[in-house]
Amino acid sequence: MALALLAAPARAQTPAPAPTFRLTSPTIADGGSLPKAQVFQGFGCEGGDQSPALVWSGAPAGTRSFVLTVYDPDAPTGSGWWHWVLADLSADLGGLPAGAGAASAQGLPAGAWQGRNDYGRHAFGGACPPPGDRPHRYVFTLHALKVERLGVPADASAALIGYMTRAHSLGQAAFTATYGR
């Protein structure tokens with residue numbers, strides 16, 4: 001009997017599932033519509049032009065920083081529209097308060113910085129699709145990076161920031177909201 005126990009193969013231990021990397025907002029449901037607070041103030045739009053509160057969890061192992069982007073792939077530009085680019089967020093963070101994307105940068109966590117959006121500002125820029133277009137999609141994406149700093153100039157385009165983000169990516173979490181007028 002003892003020999004049979006010694007000869008029996010060991011049972012494989014099933015590893016615990018990895019946490020799921022998630023990005024959510026307490027005020028915007030995935031697939032829901034953007035509230036007036038996240039609508040641009042200008043170009044015929046009248047909104048609060050305020051970045052929403054965001055919460056995240058389950059970042060991949062080895063995450064050293066985050067980049068957050070908000071992008072409208074439906075903008076009639078041929079290349080979409082970047083509404084917010086936020087880089088060098090500390091890996092210790094689990095979210096941002098509403099209004100963190102103000103042009104004053106007062107609400108940003110230490111070390112983080114805002115890239116130039118397609119409105120030409122270093123800030124969050126709210127939704128403002130052309131009147132009569134079908135509702136546009138606004139994709140909020142948090143990228144987990146294997147580097148502490150992205151290493152691009154402060155005046156880098158959203159495309160360059162996106163390129164370097166993908167080069168250092170460990171994973172991403174996203175949700176999409178819509179808005180039309």
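- With a 4.5 Å cut-off on side-chain heavy atoms, Trp113 and Val152 count as touching.
- Across every non-hydrogen atom of Phe66 and Ala144, the tightest pair is CD2-CA, 3.8 Å.
- The hydrophobic clustering, which links ILVMFWY residues whose side-chain heavy atoms are closer than 4.5 Å, places Tyr179 and Ile28 together.
- Atom CD of Glu46 sits in a sparse spot, with 12 or fewer heavy atoms from other residues, nucleotides or ligands closer than 6.0 Å.
- Taken together through direct or relayed side-chain contacts under 4.5 Å among Ile, Leu, Val, Met, Phe, Trp and Tyr, Tyr138 and Val67 form parts of separate hydrophobic clusters.
- Tracing side-chain contacts under 4.5 Å through hydrophobic residues (I, L, V, M, F, W, Y), one reaches Leu160 starting from Leu145; they form part of the same cluster.
- Annotation for Cys128 and Phe43: closest pair SG-O, 3.7 Å, computed over non-hydrogen atoms.
- For the residue pair His83 / Asn117, no side-chain donor-acceptor distance below 3.5 Å is found, with atom types taken as modelled.
- Taking the centre of each ring, Tyr119 and Trp82 stay at or above the 6.0 Å mark.
- Following chains of ILVMFWY side-chain contacts shorter than 4.5 Å, one can reach Leu108 starting from Trp56, so the two form part of one hydrophobic cluster.
- The OG1 atom of Thr176 sits 14.0 Å away from the NE2 atom of His136 when rounded to the nearest 0.5 Å.
- Distance check: Asp118 CG to Asp72 CG gives 9.5 Å after rounding to the nearest 0.5 Å.
- Here the closest non-hydrogen pair linking Lys146 and Arg64 is O-CD, 3.4 Å.
- Linking Ile, Leu, Val, Met, Phe, Trp and Tyr residues whenever their side-chain heavy atoms come within less than 4.5 Å leaves Val70 and Leu150 in two separate clusters.
- Ala174 and Thr141 make their closest contact through CB-OG1, 3.7 Å (heavy atoms, listed as atom of the first residue, atom of the second, distance).
- Arg181 has no carboxylate O lying under 4.0 Å from a charged side-chain N of Asp133, or vice versa, which leaves the two without a salt bridge.
- Residues Arg121 and Asp49 are paired through a salt bridge, judged by an N-O separation under 4.0 Å between the basic side chain and the carboxylate.
- Residues Ala158 and Val85 come closest through the heavy atom pair CB-CG2, 3.9 Å.
- Among Thr69, Leu142, Leu96, Leu54, the one residue that satisfies the side chain to side chain contact (heavy atoms under 4.5 Å, CB included) test with Leu86 is Leu96.
- Here the shortest heavy-atom pairing between Val39 and Ala127 reads CG1-O, 3.4 Å.
- You'll find the side chain of Arg134 reaches within 4.5 Å of the side chain of Asp74, heavy atoms only.
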